[in-house]
Amino acid sequence: MPEQTRCLSPEQLACLSQGLPADEADLLCEVANWTAERLEPTALASGQPLWDHCIATAEILAALQTDVATRAAAILLALPAHEGGATDPVAKQFGTQVSQLVRGTRALLRLGEVTREAGTGAASDTATQKENLRKMLLAMAADLRIVLIRLASRLQTLRWHARSKVTCGLEFAQETLDLYAPLANRLGIWQIKWEMEDLAFRFEHPQQYREIATQLEQKRAEREQFIAQTVSALRELVREAGIEADISGRPKHIYSIWNKMQRKEVDFNQLYDLRALRVIVADERACYNVLGIVHAHWSPIAKEFDDYISRPKPNGYRSLHTVVADEHGLPFEVQIRTQAMHDFAEHGMAAHWRYKESGGSQRADGTAQDRQLVWMRELLAWQTQAGKQVEPPQAQASKAADERIYVLSPQARVIELPRGSTPVDFAYHLHTDLGHRCRGARVNGQMVPLQTPLQTGQTVEIITTKAGGPSRDWLNTQLGYLASPRARAKVRAWFNAVELQQRITQGQTLVDKELGRLGKTAVNHEQLAHQLGFAQADDLYVAVAKEDFSLRHLDALFQPQAQPAPLTPESIVHPGRAPTHALGSGVLVQGVGSLLTQLARCCRAAPPDPIAGFVTRGRGVSIHRSDCPSFLQLARRESQRVIEVSWGDTQESLYPVDVSIRAQDRSGLLRDLSEVFARLRLNVIGVNTQSKSSLAHMVFTVEVSGADVLQRALTALSEVKGVFAAQRR
């Protein structure tokens with residue numbers, strides 16, 4: 001053993017190997033010796049010797065009771081970087097697990113260097129960017145022990161600055177508060193979080209730090225004495241009530257005190273929870289019993305009681321919070337909860353970091369990163385479970401894979417994308433025009449195909465052309481250019497815009513040609529569009545190009561209108577069409593033998609409409625609905641030609657009826673309506689459409705066998721997207 005410990009003092013070895021069995025302690029010693037033999041003396045940017053930094057980092061990890069692989073990886077970071085693979089000396093000597101931890105930690109260190117060199121103060125000045133950078137750190141670590149090593153390394157650097165009196169840069173301190181302390185908080189590593197925050201705050205705001213530290217120190221002995229006396233008194237009170245409880249003081253650290261002073265805009269002496277107790281009991285009933293004891297023995301302060309048990313916070317946090325005053329009128333806080341509530345607050349989806357960092361607005365959603373954090377906490381605790389040494393569950397680590405990736409722009413801006421995203425997705429995320437003009441990409445300085453899936457931590461640079469647009473191949477899912485629905489929608493929008501412009505050009509050409517034929521080349525197209533019921537000329541052009549609007553309407557607009565023919569019984573019978581129904585095949589004429597009948601086109605009667613007949617000259621009897629305005633006009637003029645009729649056997653007969661539809665005009669509307677008629681097997685014998693101010697009015701003439709068939713058709717038509725009225729005309 002003496003030979004093995006030549007690079008470590010006995011005290012260092014004892015500190016590094018605390019909690020480990022003898023064989024693992026020997027392995028850790030071997031790692032230290034092997035590293036020391038290959039060490040190239042060097043110092044960090046701060047000035048601390050690299051070897052000292054790595055040993056101190058491993059000591060922090062030992063205090064957290066991490067496994068031997070994590071501590072070994074921290075020591076091995078003192079070695080020069082190696083590419084890895086089959087020739088990786090670390091993997092060959094100590095196994096792939098340790099080697100992967102070393103490589104992963106180095107990747108996080110390089111990420112920090114890249115963001116600092118690019119100026120993270122500018123790139124990450126928003127809360128979103130800071131949060132994305134935290135997520136990126138977590139996502140880059142397939143094994144979250146890598147993040148733990150990185151946190152311990154940052155804490156050691158802060159300690160060295162404090163101990164050596166070497167000035168710590170303000171950007172370094174701010175980065176700690178923005179990035180590393182919140183990560184420690186999320187992982188539930190409270191001792192690292194608190195010390196990081198206090199040290200960073202000390203360097204960033206030395207005057208405020210000294211003021212709070214002085215006030216705390218002046219009252220420290222008094223506060224500790226009060227906590228001890230109050231804990232003892234409360235423990236006796238609950239024991240007399242027959243309640244088992246774990247009662248302890250709840251410590252506060254300097255940065256937390258300053259944060260609360262800023263948030264609540266109060267002075268140091270106005271803080272209620274500088275003196276605080278936490279009570280953990282067996283069940284909810286005991287919680288309220290203890291609350292009653294506390295309020296009976298000390299005076300509760302109004303408006304300082306919160307019942308998060310009956311009314312949990314949105315994130316699921318449950319506990320009783322109350323502030324009471326002692327016999328001198330000085331306030332102190334008491335939190336009361338069950339062990340299950342405490343475990344949930346410390347480890348569950350309602351972990352303390354959620355409402356501390358999001359102000360209570362973030363809900364517990366059980367994301368993949370939540371599962372990562374739970375796994376990490378289990379990893380940190382597995383060595384203390386009944387003193388047994390077990391391997392961390394690799395299956396859980398694989399399940400922790402996130403569904404997002406985090407990549408860097410050349411300016412070190414962190415971009416969050418769906419897993420599987422390509423450089424084209426990245427380009428569209430930055431800017432739509434950048435995506436349209438994307439022609440190539442560099443990832444970490446190397447040219448790559450545009451279909452290359454990106455990985456967390458990579459730096460992506462887009463190569464563009466001055467003009468142009470996307471390729472239709474990008475919409476082919478088999479080719480793998482796009483993974484983001486957002487990017488795919490932008491590509492589709494570009495092609496839709498191109499197609500729209502083509503239709504406008506095509507439609508304008510057709511309109512100009514028709515106007516030229518009519519000798520109306522000087523017509524203002526905008527006014528013409530308004531006359532025809534369109535909001536603007538482009539709408540007219542599109543309708544013409546899509547053949548939704550007939551150019552014959554231009555003839556009708558410019559040609560003189562013929563005087564309407566006088567209304568006669570013959571003019572309202574369907575012209576040029578064979579008799580729709582004869583005697584015995586649908587309509588019965590009372591008191592008359594075989595007589596030709598025609599359904600009048602003005603009202604298109606169909607069973608079971610009330611009907612009446614009118615004897616025409618040479619075309620038999622025209623059949624009208626009884627309330628038809630044309631029939632009523634004819635009946636008043638020549639009542640002697642009115643004849644009584646009724647429906648006969650109509651089972652195998654079809655009757656043309658007009659169906660009026662009003663809808664929001666859109667592409668594909670006519671197709672969707674036609675599909676309804678086809679599905680119901682209804683024969684459409686006529687269509688008339690009009691569009692005005694984005695509203696469409698369509699009249700379909702369809703053949704139906706009766707009212708029930710017609711009603712089914714109207715119901716189905718009214719369910720088509722955009723239709724707000726479907727009725728018989």
Side-chain angles (χ1 to χ4, degrees), residues 114-115 118-120 122-133 135-136 139 402-507 535-536 538-539 541-542 545-546 664-668 694:
V114 168
T115 53
T120 53
S124 301
D125 195 33
T126 65
T128 301
Q129 278 296 296
K130 292 173 184 177
E131 177 61 17
N132 281 346
L133 196 52
K135 290 179 179 178
M136 187 174 184
D402 200 358
E403 296 177 357
R404 313 291 290 176
I405 62 169
Y406 303 88
V407 296
L408 294 169
S409 71
Q411 296 77 34
R413 178 183 170 196
V414 179
I415 306 299
E416 181 180 11
L417 297 169
R419 182 167 296 281
S421 292
T422 66
V424 184
D425 290 299
F426 173 85
Y428 274 109
H429 184 95
L430 291 181
H431 196 279
T432 301
D433 185 59
L434 183 67
H436 291 339
R437 296 186 294 109
C438 174
R439 293 298 179 270
R442 291 189 183 93
V443 175
N444 291 341
Q446 301 295 319
M447 289 293 298
V448 299
L450 289 179
Q451 304 101 313
T452 304
L454 299 175
Q455 303 295 326
T456 290
Q458 292 177 329
T459 299
V460 185
E461 180 185 357
I462 299 300
I463 300 170
T464 62
T465 184
K466 289 184 178 180
S471 166
R472 285 196 180 273
D473 287 344
W474 295 359
L475 293 175
N476 187 335
T477 56
Q478 302 298 320
L479 298 179
Y481 282 99
L482 294 171
S484 164
R486 176 185 176 191
R488 195 173 288 111
K490 290 183 176 182
V491 175
R492 279 200 214 93
W494 191 89
F495 283 111
N496 288 342
V498 170
E499 183 180 354
L500 176 64
Q501 189 57 49
Q502 291 173 344
R503 287 181 184 269
I504 289 173
T505 302
Q506 178 187 359
Q536 56 186 355
D538 284 353
D539 294 341
Y541 301 150
V542 171
K546 292 169 62 178
Q664 190 73 30
D665 195 13
R666 62 175 175 83
S667 177
S694 300

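Counting heavy atoms from C-beta outward, Arg486 and Pro418 have side chains that stay 4.5 Å or more apart. Looking at Ile504 and Gln501, their side chains come closer than 4.5 Å, going by heavy atoms from C-beta outward. Annotation: side chain of Ile405 is not in contact with side chain of Gln455 (no heavy-atom distance under 4.5 Å).
The two residues Leu475 and Phe495 have their closest heavy-atom pair at CD1-CD1, 4.2 Å. Nearest approach of Ser484 to Asp425, heavy atoms of both residues: N-OD1, 2.9 Å. The nearest pair of heavy atoms linking Phe426 to Ser409 is CZ-CA, 3.9 Å. Leu454 and Leu417 make their closest contact through CD1-CD1, 4.3 Å (heavy atoms, listed as atom of the first residue, atom of the second, distance).
Arg419 contributes atom CZ, which lies 9.5 Å from atom OH of Tyr406 (distance to the nearest 0.5 angstrom). Note that NZ of Lys490 is 3.0 Å distant from OG1 of Thr432, once rounded to the nearest 0.5 Å. Rounding to the nearest 0.5 Å places CD of Gln451 at 9.0 Å from CG of Asp473. Rounding to the nearest 0.5 Å gives a distance of 8.5 Å between OG of Ser667 and CG of Asn496. Separation of atoms CD (Glu499) and CD (Gln506) is listed at 10.5 Å; rounding is to 0.5 Å.
Contacts of Asp665 classified as side-chain hydrogen bond (donor to acceptor under 3.5 Å, both in side chains), with partners at least two apart in sequence or in another chain: Ser691. Taking Arg492 as the reference, nothing meets the side-chain hydrogen bond (donor to acceptor under 3.5 Å, both in side chains) condition, with sequence neighbours excluded.
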List, one per line, each side-chain donor-acceptor pair under 3.5 Å for residues 436-450, sequence neighbours excluded.
{"residue": "His436", "atom": "ND1", "partner": "Tyr428", "partner atom": "OH", "Å": "2.9"}
{"residue": "Arg437", "atom": "NE", "partner": "Asp433", "partner atom": "OD2", "Å": "2.8"}
{"residue": "Arg437", "atom": "NH1", "partner": "Thr464", "partner atom": "OG1", "Å": "3.4"}
{"residue": "Arg437", "atom": "NH1", "partner": "Thr465", "partner atom": "O", "Å": "2.8"}
{"residue": "Arg437", "atom": "NH2", "partner": "Asp433", "partner atom": "OD2", "Å": "3.3"}
{"residue": "Arg439", "atom": "NH1", "partner": "His436", "partner atom": "O", "Å": "3.2"}
{"residue": "Arg439", "atom": "NH2", "partner": "Gly469", "partner atom": "O", "Å": "2.8"}
{"residue": "Asn444", "atom": "OD1", "partner": "Thr459", "partner atom": "N", "Å": "2.9"}

